[in-house]
Amino acid sequence: MDKRILPHEFYDRPTLTVAQELLGATLVRVEKDVQIAGIIVETEAYVGESDLGCHAKAGKTPRTAIMYGMPGRAYVYFTYGMHWMLNAVTEAEGFPAAVLIRAIHPTEGVEIIASRRGKQPRTYWTDGPAKLTQALAIDKSFNGIDLCNSESGLWIESGKRVLEKNVTTSARVGLYTVPEPWKSKPWRFQISTL
DNA sequence: AGCACGATTAACT
DNA sequence: GTTAATCGTGCTC
């Protein structure tokens, strides 16, 4: 049953590759008796201490330690005083990098997503990194969990391959004070046609 | 101990 | 297009 869950080896590769190949994969969240899932349609890569857009630019701190650990773990952090962000740790242990999951297309558990996000039109339910963590009830308690098995109720399954011509790249979002060239690196990946 | 800021969102002009 | 909300984190004193 766990056959399609992406293994550690998937994440133990260059972050840009992982960020691109996570497009089309399915993010799955199981709560008590509900399953919520969606196809990942937008990601961003954060690559090492030299990437001044990456939290690891500050080196190994209590917050960033998880990015230095095993690939395939979840890095969940809090920002703007109210939002949780979900990342998948990438590359070999010791090298700090991760892929931010920025948007999904809901496929399962639409009713519970609606109950959490229904005040908004459907297209706005999970089209942002903090919106999808709201919809899937992901918070601090998921920081450090293994995304490569179903034990924690959160994992990622392989999906249909997305052709490169259907992937759009652009600059990462929200890096207002990050210097060039990092600010403009085309490390944001989106599916242009679902 | 204090401070500036943030990988955002929603509401408002 | 602009801005308030809101607090953990990392840095300075």
Runs of at least three consecutive Watson-Crick or G-U pairs, both distances under 3.5 Å, are what I'm after; which ones involve DNA chain C?
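Detected stem regions: B:1-6 with C:7-12, B:8-12 with C:1-5.
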
B:dC5 to C:dT3 separation - C1' atoms, rounded to the nearest Å
16 Å

Given protein heavy atoms under 4.0 Å, the one-letter contact record of nucleotides 5-13 of chain B, with B base, S sugar-phosphate only and - none, is simply -BBBSSS--

I would like to know whether A:T26 and A:E157 meet side-chain hydrogen bond (donor to acceptor under 3.5 Å, both in side chains); could you show each step before the answer?
CA-CA 5 Å; A:T26 302; A:E157 296 178 358; 5.3 Å; no

is_close_aromatic(A:Y46, A:H55), centroid dist under 6.0 Å
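For A:Y46 and A:H55, the ring centres are not under 6.0 Å apart.
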
Separation between CG of A:L6 and OG of A:S158, rounded to the nearest 0.5 Å:
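Spacing of CG (A:L6) from OG (A:S158) equals 5.5 Å.
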
Within the 4.5 Å heavy-atom criterion, are A:T64 and A:K57 side-chain neighbours or not?
no

Sidechain N-carboxylate O distance under 4.0 Å for A:D51, A:R172:
yes

Taking NZ, NE, NH1 and NH2 as the nitrogens, is one of them in A:E42 or A:K131 under 4.0 Å from a carboxylate oxygen of the other?
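The answer is no: the pair does not qualify as a salt bridge.
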
Do A:R117 and A:Q134 pass the side-chain hydrogen bond (donor to acceptor under 3.5 Å, both in side chains) test, and can you show the C-alpha distance, the side-chain angles, and the key distance before you say yes or no?
CA-CA 8 Å; A:R117 302 281 310 144; A:Q134 268 182 45; 2.9 Å; yes

Salt bridge (Lys or Arg N to Asp or Glu O under 4.0 Å) against A:E21, all qualifying residues, sequence neighbours excluded:
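For A:E21, the residues satisfying salt bridge (Lys or Arg N to Asp or Glu O under 4.0 Å) (neighbours in sequence not counted) are A:R13.
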
